[in-house]
Amino acid sequence: MVFLTTAAASSFGIYRIVHGSAETLFEHKAEVIERSVTAEIERYRVALADVAAAVAVLERLDAAGFADLTEPLTRDRLPGAATVSFVVAAETADVPAVQARWRELGDPALGVLPIGAGEHYFSVLTRPLDGLPPRLGIDAAAVPAARDVLVRARNTGEMAMSRAYRLLRDAALPAAEQQLSFLLAAPVGEPGTGWVVMALRGTDFLREAIGLAAGDDADVKLSELGTSVVTVADWRPDQVDPSVDGREVTIAVPQRSWRLDIRPTVSLLPPTGVGLHATAAILGAVMASLLAVPVTVSWFSRNRAAREVVRATAALEADIRRREEIEQQLRMRELELVGFAGVVAHDLRAPLATVAGYVDVLRDEAAGLLTEDHRGFLDRLHAGTRRMHTLLEDLLAYATADSATLHAIEVDLHSLVSEIAEEWRASRSGHPPRIDVAALPTVHGDPTLLRQIFENLIGNAVKYTEPGTPAAVEISAVHEGRSMCRVEVADHGIGIAPEQRAHVFDPFTRVGGSERYPGTGLGLAIVRRAVERHGGFIDVDGNHGGGSRFRITLPTACPEAAE
Ligand code: ADP
């Protein structure tokens, strides 16, 4: 639809432009035609006035003088010019005298032919301008249009143009070549002396006057205006183009008016211009229909794709819901297991303490009664109870870290960590570890869980060092945002391979290299639980120069102060 509309609009636009330019072109052409006709009439007027003025000043007009005076007209190439003549008037009684006089001055063979009674008007000198033989002595009184123009010119003393009529000399031409003509008459000298008269043929005049200007592009009709409009001649080079309005132009000729009806022909516009808008419309329609196919196909495909997306989204949502349910169930199971492990660990503590107590008694008091082998068995029993004790304590701590109620208070982390560090130094008095504690903030947390966090981190940092190498641990903190701080525990121990770092926080996970060291694989799981219960997170990276760097975030006690 958009394409069709655009094509129609373009077609209309092109039509407007072409039509607009056709109108402008035609206006211009009509103006040139009008000017050409006006200019040619003016040339007739000037030429005739010149001859009349020259005749008027001659003392004695004869054939030779008239031939001299009218000679320039043969070169002037006035369009449609047929003859130029000198005409005199004569009453019937004067006819013989007039004939005698002009036989003497002009053609000795002159024979005037008066027609009817009254005044007669004889052409006594003539110069043909159209190549036909001259005809003298004809009485213009016999032709009303000729008589009228002579009388009018004489009465007004001004040049006058006659009505259109058929020249008598045209009678010699074939019917198809005969035309309507005009007489342009200029009175000479005293009223009644005579007239210089030029005859011009209408069709020839029009053809020669406007032929060049109109070419094939304009249809022109020449009419004379009077009591009725008479068409004198026309110029029809091609079919008229009805889409552009024609023009009517009135031309002033001496004492009369002519009218030109000018209309554009189909040749005015190049065929490409005429057909351009139609071509645009057709091309637009064709392309619209061609485009309609892929557009329809893509519309259906898009709908199908949209339905697929809706279906896939629904399936995905169902999948996510199912996963959430499963995760929820797993979490419940885990909680149950942790709780169960906690209960078991708690209940095993008492019997284990009994076993351990009796083992200690036996080692202290009955050692002398036992063989070497039996003392070895007792030592292993003792070590086993120690390991079991550690496991039970870790299990209990792991269960507690998850389920015990959080009693958060302001805790001076620096004091807490320094205390733990001191305990470690004291426990290894032979090779005391170097534990540097930088300034640590006061945090908002559960003192028991915070202690578990740092006991495990510092314990691991001290424990996982190469044998014989003294442990070196640095603990520092920086603010992280407005309400959290980040505490780092960095050591120079055996380190953790990058690909194993993400797993060390899973319960019962001990990574490569730790076999040589005692442990349950629960310490970092306890730490992660405890940190997460404070709204923080934990991760581990390698330390510069070897070892590990554990980072945890914890809430600071006074968020504003932390700024
Ligand atoms: P464990 O009781 O084995 O120490 P943890 O959960 O505390 O259990 O630690 C899990 C494993 O992570 C350890 O077995 C050890 O392989 C590794 N690990 C923890 N802390 C360190 C450390 N500071 N340096 C090197 N390895 C460590």
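Remember, it's 1-based here, ligands and their atoms both numbered in the order they're listed.
- Polar contact check, Phe550 against ligand 1: no nitrogen or oxygen pair lies under 3.5 Å apart.
- Residue Ser514 has at least one heavy-atom neighbour below 4.0 Å for each of these atoms of ligand 1: 14 (O), 15 (C), 16 (O).
- Atom 2 (O) of ligand 1 has as its closest protein heavy atom Thr520 N, 2.9 Å.
- Counting only heavy atoms of the protein, atom 5 (P) of ligand 1 lies nearest to Leu524 N, 3.6 Å.
- Side-chain contact between Thr556 and Glu480 is absent, with no heavy-atom pair separated by less than 4.5 Å.
- Contact check for Glu393 versus Arg349: side-chain heavy atoms found under the 4.5 Å cut-off.
- Taking a 4.0 Å cut-off on heavy atoms, Lys463 registers as neighbouring ligand 1.
- Among protein heavy atoms, atom 23 (N) of ligand 1 sits closest to Asp491 OD2, 2.9 Å.
- A heavy-atom separation below 4.0 Å is found between Thr509 and ligand 1.
- Between the side chains of Asp373 and Thr371, no donor N or O sits under 3.5 Å from an acceptor N or O.
- With hydrogens and angles ignored, the 3.5 Å screen pairs no side-chain donor or acceptor of Asp491 with any backbone N or O of Val473.
- The protein heavy atom nearest to atom 7 (O) of ligand 1 is Asn460 ND2, 2.8 Å.
- Contact of the Ile494 side chain with the Glu466 side chain is registered, since non-hydrogen atoms from C-beta on lie closer than 4.5 Å.
- At the top of the distance list for atom 22 (C) of ligand 1, counting protein heavy atoms only, stands Tyr464 CD1, 3.7 Å.
- With a 4.0 Å heavy-atom cut-off, ligand 1 is reached by the backbone of Leu522 but not by any atom from C-beta on.
- Panel note: side chain Asn456, backbone Gln452; a donor-acceptor pair is recorded below 3.5 Å.
- Within the 3.5 Å criterion, the main-chain N or O of Ala461 finds no donor-acceptor partner in the side chain of Thr465.
- Shortest contact from atom 26 (N) of ligand 1 to any protein heavy atom: Ile496 CG1, 3.4 Å.
- Assignment of Gly493 to the shell around ligand 1 is not supported, since no heavy atom sits closer than 4.0 Å.
- The closest donor-acceptor contact from the side chain of Thr265 to the backbone of Asp217 lies under 3.5 Å.
- The nearest protein atom to atom 12 (O) of ligand 1, hydrogens excluded, is given as Val504 CG1, 3.5 Å; this is a heavy-atom distance.
- Side-chain contact between Arg263 and Arg236 is present, with at least one heavy-atom pair separated by less than 4.5 Å.
- Annotation: atom 17 (C) of ligand 1 to nearest protein heavy atom, Val511 CG2, 4.0 Å.
- When Gly519, Ala490, Gly521 are ranked by how near their heavy atoms come to atom 8 (O) of ligand 1, first place goes to Gly521.
- Considering backbone and side-chain N/O atoms, Gly523 comes within less than 3.5 Å of an N/O atom of ligand 1.
- Using modelled atom types, one side-chain atom of Trp235 and one backbone atom of Gly215 make a donor-acceptor pair closer than 3.5 Å.
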